[in-house]
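A short write-up of the structure that comes next.
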Amino acid sequence: MPADNGGMTMNVKKLCLIGGIVLVLGYISGAVYYYERFFYNTEVYGIDISNMKMEAAKAVVQDKLSHYTLRIRAREHEDVWIGTSDIHLHYDFGSAFEDLKSAQPMWNWPVGYLRRSRRDGDFPIVFDEKMLNDVLETFSFLQEEKHEETEGCIYIGVSGRYRLQNH
C-alpha cells in the first residue's frame, strides 16, 4: 500500500499559512508601535531617541542642554556661573522633530533596524536676553563704576551687551 503524502502536504500548507499569518501580524504590530515612535537607531545630537515618542525625545534632548553652565573667570574676582535656567537657554526645535518623524513612515519600521538615522545641527539654541542682562548686572566686575582700565582695554556697555574694547 502506497504512503499517504496528502496528509503531510496538508500539514506543511497549514504550517506555512500559520507562519505567514504570524509574520503579517508581527509586521502590522511593529507598524502600529512605530506610528508615534522614532525608529530604532535614531539619534539627535548623538543622543539615542530610539523607540521614543515625540515629547519624550524632545525632553531627553532638552535635558542634555539643561546641564550646561557657563563659567566666567574674571581677573582678581571670584568665578561666576550662568546656568541654563538662569537665562532660559533651550533648543528651538521648530518642526525638526516632526520632519524627522515624517521621514520615518510607520510601514518602513524594519528599515530602522538596518540603518542609522541621525540629526545634528538643525536646532538653534535660544535664550532670554532680558534674563541674561539681569544676571550680568549682578556681577560686580561688570559694573562700569567699579571697572578700571586693564592692559589697554576698558569695559564698554553697548545696548545690553558687554565687551572689552581696546582704546
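Going from atom CZ of Phe97 over to atom NZ of Lys53 covers 15.5 Å, rounded to the nearest 0.5 Å. Rounding to the nearest 0.5 Å gives a distance of 11.0 Å between CG of Leu100 and OG of Ser95. One distance of note links CG of Asp99 with CD of Gln104; it measures 11.5 Å at 0.5 Å rounding. For the atom pair CG of Asp48 and OH of Tyr40, the computed distance is 7.5 Å after rounding to the nearest 0.5 Å. For the atom pair CZ of Phe127 and CG of Asp92, the computed distance is 13.0 Å after rounding to the nearest 0.5 Å. For the atom pair CD of Glu137 and CG of Leu132, the computed distance is 10.0 Å after rounding to the nearest 0.5 Å.
Crowding of Tyr35 atom OH: a count of heavy atoms from other residues, nucleotides or ligands under 6.0 Å not exceeding 12.
For the pair Tyr33 and Asn51, the tightest heavy-atom approach, listed with the atom from each and the gap, is OH-CB, 3.7 Å. When all heavy atoms of Lys101 and Glu36 are compared, the pair lying nearest together is CE-C, 4.0 Å. The shortest non-hydrogen separation linking Asn41 to Ser50 is N-OG, 2.9 Å. When all heavy atoms are compared, the tightest approach of Asp86 to Trp81 is OD2-O, 4.2 Å. The two residues Ala57 and Phe38 make their nearest non-hydrogen contact at CB-CE1, 3.7 Å.
Between Gln62 and Phe93 there is a side-chain heavy-atom pair separated by less than 4.5 Å. Contact check for Thr138 versus Asp134: no side-chain heavy atoms found under the 4.5 Å cut-off. No side-chain heavy atom of Tyr45 sits less than 4.5 Å from a side-chain heavy atom of Lys64. In this structure, Ile82 and Leu89 have side chains that are not in contact, with every pair of non-hydrogen atoms separated by 4.5 Å or more. Taking the side chain as every heavy atom from C-beta outward, Val126 and His90 approach each other to under 4.5 Å.
Residues Leu65 and Met52 fall within the same hydrophobic cluster, defined by Ile, Leu, Val, Met, Phe, Trp and Tyr side chains chained together at heavy-atom separations under 4.5 Å. Ile125 and Leu136 fall within the same hydrophobic cluster, defined by Ile, Leu, Val, Met, Phe, Trp and Tyr side-chain heavy atoms under 4.5 Å apart, directly or through other members. Connection of Ile47 to Phe39 is not established within any shared hydrophobic cluster, with ILVMFWY side chains joined at heavy-atom distances below 4.5 Å, either directly or through further cluster members. Follow the hydrophobic side-chain contacts under 4.5 Å out from Tyr91 and you reach Met54 in the same cluster.
Using a 30° and 60° split on the angle between ring planes, Tyr113 and Tyr34 fall in the perpendicular class, above 60°.
For the pair Asp128 (side chain) and Met131 (backbone), a donor-acceptor distance under 3.5 Å is present. Judged by distance alone, the side chain of Trp109 and the main-chain N or O of Tyr27 form a donor-acceptor pair under 3.5 Å.
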